[in-house]
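I have placed the structure first, in the form of structure tokens, so that the comments after it can refer back to it.
All chains are named by letter (A, B, ...) in the order of the sequence lines, taking the proteins before the strands, and each is independently numbered beginning at 1.
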Amino acid sequence: MNFKTRLGLGILAFFTLIAVVGSWIAPYGPSAMSDDLLSPPSGAHWFGTTTTGQDIFSQVLVGTRGVMVVGLVCGVLATFLSILVGVTAGFLGGAADEALSMLSNVFLVIPALPLIIIVASMLPSADTVLIAAVISLTAWAWGARVLRAQTMSLRRRDFVEAARASGERTWRIIVFEVLPNLVAVIASGFVGTVIFAVMLQITLSFVGVVSLSTWNWGTILFWAQSNQALGQGAWWWFVPAGLCIALLGTALALINFGIDEYANPRLRKVRA
Amino acid sequence: MTFLLRRAAFYLVTLWAAITANFLLPRLLPGDPVQAMITKLGGRLNSDAMASLYILFGLDEKKSIWAQYVDYWGALLRGDLGLSFTFFPTPVADVLSQSLPWTLGLVGVTTVIAFLLGTLMGVYAGWKRGSWMDSLIPVTTFLSSIPYFWLGLIAISVFSVTFPLLPASGGYAAGLVPEWSGEFIGSVLEHAVLPGVTIVVSSVAGWILGMRNMMVTVTAEDYVLVARAKGLSQRRIMFAYAARNAVLPSISGFALSLGFIVGGALLVEMVFSYPGLGYVLFQGIGAKDYPLMQGVFLVITLAVLVANLLADVGYLLLDPRTRREG
Amino acid sequence: MTVSDKDRSVALEAKGLVKTYKRVRAVQDVSIVLRRGRVTALVGESGSGKSTVAKLLARLVEPTEGEILLDGRKVRRVREYRRKVQMVFQDPFASLNPIHTIRYHLTRPLKIHKRPETPEELLERVHLPADFLSRYPHELSGGQRQRVAIARALAAHPEVLLADEPVSMLDVSIRLGVLNLLLDLKERLKLAVLYITHDIASARYFADETFVMYGGQIVEGGDSESVTQRPAHPYTQLLIESAPDPERSVVALDAPPEEVAAVSTGCRFAPRCPKVQSRCWTEAPPRTEVDSYGHWAACWLYGEAAA
């Protein structure tokens with residue numbers, strides 16, 4: 001494992017820890033108001049305060065959980081869907097493949113953001129879990145596409161034929177012969193989906209279609225934007241949450257590079 | 001030709017799926033937000049506008065779902081997308097036709113710039129693997145992990161608030177009337193700089209990375225080795241042999257990720273209050289303006305599909321295999 | 001019926017097999033009989049359709065026409081068929097799943113076909129030590145892997161073993177060992193073996209009966225000694241001549257495959273045949289006996305003599 005991958009895993013572990021303990025170690029309640037209105041970072045408020053005197057550091061800490069939960073739930077759900085569709089299509093071939101490929105391409109081509117905005121704003125209560133489910137429904141298609149291609153190349157390998165010749169049933173061949181050879185691709189798809197889901201959730205919160213009763217990094221940005229933090233020069237209101245998003249995204253991308261390099265030796269760094 | 005026909009058929013299916021989703025969503029999801037809106041507007045809606053809202057959102061529950069579907073298509077084909085609540089009483093179609101050119105201009109130009117720039121940089125980064133270009137990777141990774149809209153916020157904060165160099169919002173200076181005058185065009189360009197640069201910076205990283213990895217893979221192929229053995233110039237091998245083959249997956253990736261890019265660009269428009277579809281959508285969200293939101297979705301889907309078809313034509317021109325098949 | 005007759009009885013019989021992929025006829029009207037305790041060789045160059053015949057007989061591919069009889073009857077259920085008919089693949093580097101241990105590869109067929117043997121016994125049959133069970137395919141040499149593949153095929157306790165070029169991917173030095181292992185197993189287990197190869201010399205050594213395939217059809221057949229020592233069909237003659245021999249000059253087989261496909265009615269070998277006659281282009285030659293011991297060829301050279 002190289003330095004980049006370890007750095008990525010380290011950052012991810014850090015945010016996971018915050019997600020678990022964040023609400024206990026937060027110095028203030030995320031919605032608690034105080035008299036320090038819109039004050040820049042200080043010893044008492046590391047990331048400064050909002051126009052109503054809320055502590056932004058506490059909001060970031062508490063909001064981490066919402067972000068990580070959506071990432072995890074979407075990652076698991078969408079990866080499951082992509083395996084189901086992609087591996088089935090790639091293994092079966094023929095008309096089933098045509099239909100499933102078309103389905104995933106339709107999901108890929110349709111612009112997801114406006115569609116999800118409409119769905120989320122029509123839902124009576126768009127809480128974290130519901131949003132995670134909606135995001136998952138649009139996030140599986142890319143993984144399915146990649147898995148289909150990989151499965152198709154595996155299906156023609158002799159060990160699959162050999163398993164059939166020795167009398168294995170189709171579902172056993174898929175689960176025990178083909179799937180284990182796809183682990184790297186599935187892992188990389190999972191990480192990619194988590195990035196996608198986290199970005200989308202934060203975007204939806206920022207736009208204001210997600211319930212604002214639970215905190216995440218996007219909610220902080222929503223309040224910053226709707227209170228004209230920019231015009232008032234309150235950079236501390238939107239910089240920390242944005243940096244956290246970028247850091248988490250980078251960490252996940254680095255992990256994915258590690259997986260890619262493991263699976264595709266040509267991308268490994270040349271040692272001069 | 002077969003290739004293009006197949007693609008066109010696929011886009012028609014996709015369009016049908018998008019329209020049908022639009023039809024089904026308000027009927028399947030719980031609650032009747034549009035009914036509430038109509039009640040609120042009370043007598044200000046005339047009977048024609050009422051009728052089209054009933055057709056679009058399925059408020060007439062006495063009709064069968066199939067009859068509703070037929071009526072829905074009828075309304076769409078007439079170009080009737082209902083009335084916007086936000087810009088009451090302007091029809092949605094009018095709002096969209098005013099904002100679409102802004103989005104097409106901004107997103108179209110910046111996406112093409114980002115693609116060309118990123119592909120070119122990816123070609124060099126992949127070719128010169130192991131040089132200082134490799135240090136671009138962590139930087140570009142970080143840039144591509146930043147949400148578009150947040151980069152826009154930072155850009156405003158630095159270039160409009162701290163150093164007031166460029167305008168932070170709008171498509172042209174207040175007080176100007178849209179016309180073909182030097183002053184107006186200058187103002188449009190000036191207003192497009194920050195949102196444009198934001199879109200380019202945050203989307204270029206993906207192209208660089210994708211192209212670099214394809215270049216690394218292609219450079220190891222035998223035909224590149226043969227080209228080297230023949231003693232061709234580095235430039236010629238890099239562009240005519242390696243890049244020519246490496247760019248093909250990049251183009252098909254371009255087509256598929258367009259929907260995603262457009263989503264990000266819409267957010268940039270929201271942040272910069274740019275008078276395109278994204279900002280219209282943003283205003284629609286605030287006002288729970290469903291006719292407007294659904295209209296935006298349809299128009300964007302249509303635009304993305306047309307752009308996809310254009311990318312397919314480009315692919316066809318670059319890849320002799322698909323050309324011969326046709 | 002004597003014991004010897006019963007042992008030599010027919011295990012697998014294919015009648016008029018045809019396999020068409022889109023417009024290409026990969027296999028055309030192939031009939032073949034495999035007998036217990038005997039090795040039947042199917043010889044041909046790449047693209048002749050011999051591997052498709054193996055896949056048809058293993059029922060990995062469904063024939064477009066024709067039927068396969070096992071012990072004289074059609075077997076509807078594929079699993080029941082596979083209990084009796086097993087296959088060894090050409091490339092031992094591809095036919096074992098890299099993520100499974102040797103133990104997994106051997107235990108699965110034992111479980112599927114409910115056999116009482118242990119994986120250790122299977123390894124012993126192919127002369128491999130029992131501690132190989134915990135190893136992974138990449139830790140084994142090509143010859144060792146092919147022995148594992150043979151052990152896996154034997155796990156089902158089959159009557160028929162289809163060996164698709166079982167030694168062509170192995171180093172020359174270990175080929176004989178694997179072939180001798182197959183011969184030995186055939187004798188002990190009274191297996192009917194189909195040996196598919198492009199190497200006609202090994203067919204003489206290894207097989208009792210030899211069939212030569214060209215362009216999806218069987219063009220010559222008979223006992224291995226006659227076919228390899230007195231080849232009747234011009235294609236077989238070329239095949240034997242083109243085998244490396246320092247005392248003979250080599251006649252190359254070098255017609256482009258497009259030409260082969262272009263001939264639709266007459267003999268498929270006509271475009272490459274050194275003894276081609278005018279009727280070869282228009283009429284397909286029938287099977288004709290070339291001696292009284294069952295050696296035959298599908299060639300007009302002998303059709304005329306008989307007529």
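The most heavy-atom pairs under 4.5 Å with chain A, out of A17(B), G259(B), G284(B), come from G259(B). Contact tally against chain B (heavy-atom pairs below 4.5 Å) for V239(A), T250(A), L113(A): the top residue is T250(A). The choice from P147(B), G263(B), G286(B) that makes the most heavy-atom pairs within less than 4.5 Å of chain A is P147(B). Of all the listed residues (L252(A), L254(A), L123(A), N105(A)), the one sharing the greatest number of non-hydrogen pairs under 4.5 Å with chain B is N105(A). If you tally non-hydrogen atom pairs under 4.5 Å between each of A251(A), A112(A), G242(A) and chain B, the highest count goes to G242(A).
With a 4.5 Å cut-off on side-chain heavy atoms, F206(A) and V271(B) count as touching. You'll find the side chain of P114(A) reaches within 4.5 Å of the side chain of L266(B), heavy atoms only. Annotation: side chain of F10(B) is in contact with side chain of V106(A) (closest heavy-atom distance under 4.5 Å). Between I154(B) and W235(A) the shortest side-chain heavy-atom distance does not fall below 4.5 Å. In this structure the side chain of W150(B) never reaches within 4.5 angstrom of the side chain of I202(A), judged on heavy atoms. By the 4.5 Å heavy-atom criterion applied to side chains, T301(B) and P111(A) are counted as neighbours. Residues F297(B) and I110(A) form a side-chain contact, since some pair of their non-hydrogen atoms from C-beta on lies under 4.5 Å apart. Annotation: side chain of V296(B) is not in contact with side chain of I117(A) (no heavy-atom distance under 4.5 Å).
Nearest heavy-atom pair across S145(B) and A246(A) is CB-O, 3.5 Å. V207(A) and F282(B) make their closest contact through O-CE1, 3.8 Å (heavy atoms, listed as atom of the first residue, atom of the second, distance).
With rounding to the nearest 0.5 angstrom, the CD1 atom of I146(B) is 8.5 Å from the CE atom of M199(A). Atom CZ of F142(B) and atom CG of L247(A) lie 6.0 Å apart (nearest 0.5 Å). Taken to the nearest 0.5 Å, the OG atom of S121(A) stands 3.0 Å off from the CE atom of M293(B).
Only one option out of V209(A), I118(A), L204(A) pairs with I285(B) in a side-chain contact (heavy atoms from CB on, under 4.5 Å); it is V209(A).
Contact of L243(A) with chain B is made through backbone and side chain together, with heavy-atom distances under 4.5 Å. Neither the backbone nor the side chain of F107(A) comes within less than 4.5 Å of any heavy atom of chain B. No part of V198(A) comes within reach of chain B, as not one of its non-hydrogen atoms sits under 4.5 angstrom from that chain. With a 4.5 Å cut-off on non-hydrogen atoms, L221(A) touches chain B through its side chain but not through its backbone. For a residue to count as touching a neighbouring chain, one of its non-hydrogen atoms must lie under 4.5 Å from one of that chain's; by this rule I300(B) touches chain A with backbone and side chain alike.
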